[in-house]
Structure formats: structure tokens, C-alpha cells
Amino acid sequence: MRWSNYFLYTLREVPSDADVISQKLMMRAGLIRKVAAGIYNYLPLGLRSIKKLEQIVREEMNRAGATELLMPAIQPAELWMESGRWQKYGRELLRIKDRHDRDFVFGPTHEEVITETVRDSINSYRQLPINLYQIQTKFRDEVRPRFGLMRGREFIMKDSYSFHTTRESLDQTYEAMRKAYSRIFNRCALDHVPVEADTGNIGGSASHEFMVLAQSGEDAVVSCPHCKYGANIEKATSKFFDDETEPAPAAAVEDIHTPGTKTIDDVGRFLGKPTSQLVKTLVFDTDLGPVMVLVRGDREGNEVKIKNHLGAQWMEMLPDTRFEEATGAPIGYCGPVGTKCARVLADYSLRGRSNWIVGGNRRDTHTANVNPGRDFPEPEYGDFSTVFAGDPCPRCGTPLELYRGIEVGHIFKLGTKYSESMNCVFLDEGGERKPMIMGCYGLGIGRTVAAAIEQSHDDDGIIWPMPIAPYEVVVTVVGKDENVVRTANEIYEKLLAAGIEVLLDDRDERPGVKFKDADLIGFPLRIAVGAKSLAGGNVEWSWRRDRAKQLDAPDAVTARVIDEVKAARSQGL
RNA sequence: CGGGGUGUAGCGCAGUCUGGUAGCGCACCUGCUUUGGGAGCAGGGGGUCGGAGGUUCGAAUCCUCUCGCCCCGACCA
């Protein structure tokens with residue numbers, strides 16, 4: 001491609017609404033352009049990277065035995081009513097009406113459609129297992145889209161769905177997908193880690209997320225440096241710890257005057273005790289009614305764990321306006337003794353401890369020496385707190401490390417959640433009707449490209465990994481000298497003939513502009529043809545990653561660059 | 001959905017408090033010079049000042065409503 005004929009315009013200044021590196025660079029380099037909040041144009045250069053990643057994904061999915069199809073972006077509401085998600089999915093689901101006033105959704109995911117599709121065609125165990133995938137535009141009406149392609153509302157995703165007769169069969173496919181995902185991310189040279197994850201809106205029994213480690217990541221993950229345990233912070237557990245307190249004989253309940261102590265830190269300071277010796281009380285509003293959760297004062301409640309334990313459809317922190325009405329206690333002084341909350345949960349961090357200091361359910365009052373079972377009904381114990389860096393690994397006890405990550409893939413063992421609600425059944429060998437056992441596997445295409453940039457850039461721009469670079473080589477024409485132009489064109493033609501993805505920078509621009517643009521866009525390899533070096537019979541080539549310039553004759557450089565591209569392409573294959 | 005901010009040329013911004021008919025940098029066009037890391041000089045084109053209503057002789061500026069966008073929080077594959 002000749003740049004002078006191409007639709008590629010870089011920006012010197014960063015649009016003011018960009019806030020992460022990948023978004024700034026993608027906009028500046030002319031890869032994407034925002035059309036509305038969370039909705040982007042994929043400009044020609046950006047589309048090339050997207051298409052290249054899609055191709056890698058296709059190759060690996062096909063290799064793993066999956067089959068591509070394409071489902072509609074617009075889906076009838078009936079399907080969502082059938083699965084129950086028309087009610088459950090919430091405002092993130094974009095609902096639209098057609099001219100007949102019938103309800104549709106713009107698909108945020110495709111469990112319903114695929115389940116119906118398979119249900120209509122597959123009846124026998126002989127036809128299973130099957131694994132179907134698509135690469136398609138989805139829409140989720142995010143509360144707050146941000147970070148460019150990392151959290152758009154409209155986005156491109158690869159999603160696959162597998163159907164099985166047995167758990168074992170699902171396990172096999174799940175494992176095959178796990179391997180395929182690792183291969184995909186390895187081929188893109190992405191530093192990633194698979195972690196255990198919560199299943200969220202999709203549901204199911206087990207799931208793993210693929211995280212690309214990056215400062216700008218929206219998710220926190222814990223990882224064990226010793227045994228490779230890894231989990232999303234929402235899900236992560238650590239070994240039970242009881243290092244702070246010796247169990248003591250239960251003492252008599254005692255009220256303490258604690259004026260003006262709204263927070264747990266206030267109370268600790270006032271009483272001169274570490275917060276680890278206090279009990280923190282959280283109250284959540286749920287569809288099952290208000291729920292009180294007690295955690296050790298220095299720990300944090302984990303809403304996902306709590307919600308999963310309760311089996312609640314929705315849950316949120318009790319709003320201040322309703323607090324006293326629901327709990328009977330002023331904010332800051334809520335506690336389990338005599339509370340109006342019907343359900344009281346307590347984190348494992350409190351198990352076995354006695355003589356708690358808790359809120360007194362009256363203004364300016366805490367109560368000491370409170371003992372569960374004696375002063376209030378024994379609470380439901382469970383893992384309700386969030387892991388901190390340094391907590392012992394649940395498997396091997398090594399202190400856990402905490403990272404930020406970008407979730408680029410998420411795989412689930414769905415089980416029969418959708419096949420049961422949507423009657424997707426097969427006949428087994430004995431002629432018995434059984435719901436199919438399902439898995440689903442998502443991979444964010446745009447997000448992965450953005451993650452690659454987050455992970456590979458410098459002050460001057462993107463440093464593309466070769467496999468998803470929009471072009472592998474840029475040939476920069478330096479100046480207007482006839483020889484220069486001719487030589488550059490010859491090199492360009494030879495690279496094209498060799499099947500190299502090459503962009504010829506034949507624009508009428510000064511060299512500095514061209515070099516800055518080449519760095520910004522981040523072509524892995526650059527060949528610069530200029531009068532000075534050409535006078536000595538040479539042209540110059542360099543890698544974007546170190547920009548070390550090397551001179552040689554045009555033919556030699558051309559041959560060398562072809563070799564380098566081919567070598568880089570084959571890496572990870 | 002709560003709190004805050006913002007909307008003026010393709011991009012980045014000033015002007016708004018104190019009303020007088022719109023400006024700067026980059027980009028774009030023309031000319032000359034320049035030509036290996038975002039050139040210089042000179043000239044030029046481009047804006048319903050987010051929208052609607054109101055106040056006023058006069059509104060980018062004041063008032064009311066509305067829409068978009070951004071940030072923090074809540075929420076979320």
C-alpha cells in the first residue's frame with residue numbers, strides 16, 4: 001500500500017477524552033476514532049490489526065476442533081425470556097423495538113441463540129460433542145464505557161459454545177479451549193496468566209479468565225509465585241489465618257462510649273487497638289432482604305463472594321438513606337446484637353475468636369466482649385473477605401502477589417443452565433432425554449489488541465508484535481531525489497512480491513514527520529531510503545523495538561528484511 | 001444512578017466572571033526558502049459558539065430547560 005493513497009492520518013495532539021495509553025496511541029496513530037461513548041470506527045490501519053488477530057483466533061479455534069458460524073447481532077426478546085435473562089440481565093442489555101413494536105435485543109452474548117440453534121438440529125448423543133464459534137460485533141450498554149477498545153459498548157468478540165453428553169466431555173473441550181487461548185495469546189506475544197474467576201452474569205460452575213498483566217488493567221488478580229495458583233480478586237481465597245488473637249474465656253458484655261467514631265479506623269484510634277481486633281459490620285440490601293456481614297476490622301468484605309453465598313439475584317450496599325430504617329442502628333454503630341437484620345454472616349477471619357468489639361446499635365456506643373452464640377445467634381461463617389497481597393496461598397501457603405490485569409478471555413463451564421431452561425436435550429444410548437452440558441468461551445478481539453499496545457509501547461508510540469502489526473514493514477522515502485524514489489519503489493515492489501505486508505511512505509512530507517509517524521504507528525521493521533546513504537550504495541533498516549540502524553545494499557536489506565519477517569511470523573506457531 | 005466538570009474550526013485550547021457580533025496553536029490551501037527525527041517566512045480558507053426557549057437595543061457570555069461528552073463513585077464478561 002502506498003501511504004499517499006491510504007486513509008491514514010495521525011494526530012499530533014491527543015484527543016482530550018483519552019485516558020489510557022492504548023487509547024491515546026490508537027487514536028493518535030489513526031487506528032480508531034470515537035463515534036460515540038464506547039463506540040468506535042475501526043480505521044483502515046486499526047482494522048488490519050483486528051483482522052490479523054481474528055485470523056490467528058480462527059486458526060487456533062479450528063485447530064482445536066471448533067467450527068465457525070455467524071449468528072445475528074439482533075435477537076428476538078422471546079429467546080431471552082425463555083432463558084430468564086430478559087429480566088435478569090439488567091440495563092446493560094440494549095433493548096430495541098422493530099416497526100411492529102416487537103421487542104428485540106442487540107446481542108451482548110449468544111447463549112440463547114446458540115442453544116436454540118443446537119436444540120433445533122441435534123437430537124442424538126451421536127451428534128455430540130460439538131463446539132461452535134463466531135467472531136462478531138456485540139453490544140453491552142455499559143454504565144460507564146471508558147479506556148477505548150478496552151471497555152467499549154460496541155465491541156468485537158470471539159465467542160464459542162460447546163455441547164456435551166457428559167461432564168468429562170465438557171472437561172476435555174474446556175481444556176482444549178484453555179490451551180487454544182494460551183496459544184493465541186502466546187502468538188500475539190502477550191504476557192498473560194490464566195486465573196480462576198467468578199462466573200457473573202453468564203453463570204455456570206467453573207471459569208477461568210485470561211489476564212494480560214498491565215498497570216491500566218481494570219481487574220485485580222492474585223497470583224502465587226510458588227505454585228502458580230492464580231485467581232481474580234473477586235474469587236481468590238487464602239489460607240485461614242488466626243494469627244492475631246488467642247481464644248480467651250468469654251467475658252461480660254460491656255458498653256463503651258465511642259463518640260464521633262464513624263469508621264473502623266476511628267474506633268481503633270479511639271480505643272487504642274489495632275483494627276484487626278475489631279469487627280467491621282457491613283450491611284447489604286438484597287432481593288432476599290437486608291443482610292449483615294461481619295469481617296475482621298482490617299479486612300475488606302467481598303461482595304461477589306457474599307452474593308454467591310447468598311444466591312442473591314442482586315445486591316448492593318445499603319444506601320445511607322435507608323440504613324437506620326433497615327438495621328435500627330445509626331451509621332457507624334451497627335452491630336449484630338439485637339439487630340433487625342434477619343441474616344447475619346461472618347467471615348472466616350472471625351471464626352474461633354471471642355470477646356468481639358462490635359457496634360452497639362446506638363449512637364456513640366460500641367459493645368465489647370460480645371460472643372457469638374451467647375449474645376447473638378451463631379452467624380453463618382464463610383469466606384466473605386477479599387484477599388490481600390501477602391496472604392498465604394490457599395494451596396501452598398506462599399505469600400500471594402497482587403497484580404492488575406486486562407481480561408482478554410473468559411471461559412466457562414456452563415453446565416445445564418441454558419439447556420434446561422431452553423429445553424436443549426439429546427437422547428442418550430438408552431433413549432433417555434437429557435439436557436446437554438454446555439461450555440462457553442469468550443475472547444475480546446479489540447480488547448486484546450488494546451492490551452498488546454498497553455504491554456508494548458514507548459514514549460514515541462506503539463511497538464507492535466509482528467503477528468498483529470497492521471503492516472510488518474514501512475519503507476520510508478526520504479526526500480525527492482529520483483534515485484531515492486526509484487530505489488524505494490523497487491524495494492517496496494520486491495517486498496510485496498515476497499508476500500510481505502508493507503506500507504510505502506511516499507507522502508510529500510519532511511523526513512522528520514515520516515520518522516515520527518513510523519515510530520508512532522510502530523511498524524516492527526523500517527527501511528529508510530535517503531540520498532546520503534544511497535550515495536554510498538546503501539539503505540538503512542531498523543527494528544522499531546530498539547531502532548538500531550543498519551546499513552547495507554538495497555538488495556541485501558530487502559532480502560534481510562524478508563528473512564526477518566518470515567522468522568518473526570513463524571515464532572509461536 | 002449519585003457527585004463533579006465540560007461543550008467555541010478536523011485536533012488541542014483562550015474568550016464567559018464584567019453582554020457590544022469570535023480568537024490562538026496544530027492541521028489544511030497558495031507562494032518562496034528549507035529537506036535524515038513533527039521546518040521558517042508571507043498570504044489564505046474554514047466555526048448555526050451542543051440544541052431550544054427567554055432577558056436585552058444587542059447574548060459564546062445572563063436565566064430556564066434539554067442533549068452530548070468526560071472524571072470520581074456505585075456497577076460490570
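Residue numbers begin at 1 in each chain, while the letters A, B, ... track the order of the sequences. Since this is a predicted model, take the numbers as computed values, not measurements.
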So what does A/G479 hit on the nucleic acid, given a heavy-atom distance under 4.0 Å: a base, only sugar-phosphate, or nothing? nothing

Among the nucleotides B/U35, B/G36, B/A39, whichever has the atom closest to the side chain of A/K480 is B/U35

Give me the distances for all protein-to-nucleotides 10-12 of chain B N/O pairs that come in under 3.5 Å?
unit_1 : atom_1 : unit_2 : atom_2 : d
B/G10  : O2'    : A/R33  : NH2    : 3.0
B/G12  : OP1    : A/S16  : N      : 2.7
B/G12  : OP1    : A/S16  : OG     : 3.4
B/G12  : O2'    : A/E13  : OE2    : 3.3

Shortest side-chain distance from A/P511, nucleotide among B/G38, B/U35, B/A74: B/U35

Would you please confirm or rule out a distance under 4.0 Å between OP1 or OP2 of B/C70 and any side-chain N or O of A/K34? yes

Nucleotide of B/C75, B/G36, B/G38 approaching A/E303 most closely (side-chain heavy atoms): B/C75

Remember a base hit wins even if backbone is also touched, and classify A/S533 as base, sugar-phosphate or nothing at under 4.0 Å, heavy atoms. base

Is it true that A/K413 and A/D171 have a side-chain N and a carboxylate O under 4.0 angstrom from each other? yes

So which nucleotide from B/C75, B/G38, B/C69 ends up closest to the side chain of A/A37? B/C69

Calculate, to the nearest 0.5 Å, the distance between atoms NE2 and NZ belonging to A/H457 and A/K24 respectively. 10.0 Å

Checking base pairs now: Watson-Crick or wobble, both atom distances under 3.5 Å. What partners B/A39? B/U33

Looking at every strand, decide which applies to A/Y441 at a 4.0 Å heavy-atom threshold: base, sugar-phosphate, or nothing. nothing

Of all the nucleotides listed (B/C70, B/C28, B/G38), which has the minimum atom distance to the side chain of A/L520? B/G38

Please determine if A/E218 and A/R146 form a salt bridge, counting it only when a charged side-chain N lies under 4.0 Å from a carboxylate O. yes

N or O in side chain of A/R510 less than 4.0 angstrom from B/A39 OP1/OP2: yes

Pick base, sugar-phosphate or nothing for A/K549, based on heavy-atom distances below 4.0 Å to the nucleic acid. base

Of the listed nucleotides (B/G38, B/G36, B/C69), which one gets closest to any side-chain atom of A/R12? B/G38

Taking any heavy-atom pair under 4.0 Å as a contact, classify A/R91: base, sugar-phosphate, or nothing. nothing

Checking all strands, does A/E540 fall into the base, sugar-phosphate, or nothing category for heavy-atom contacts under 4.0 angstrom? base

Between A/R526 and A/E540, does any side-chain N to carboxylate O distance fall below 4.0 Å? yes

Side chain of A/V513 only, please: which of B/C28, B/G36, B/G38 is the nearest? B/G38

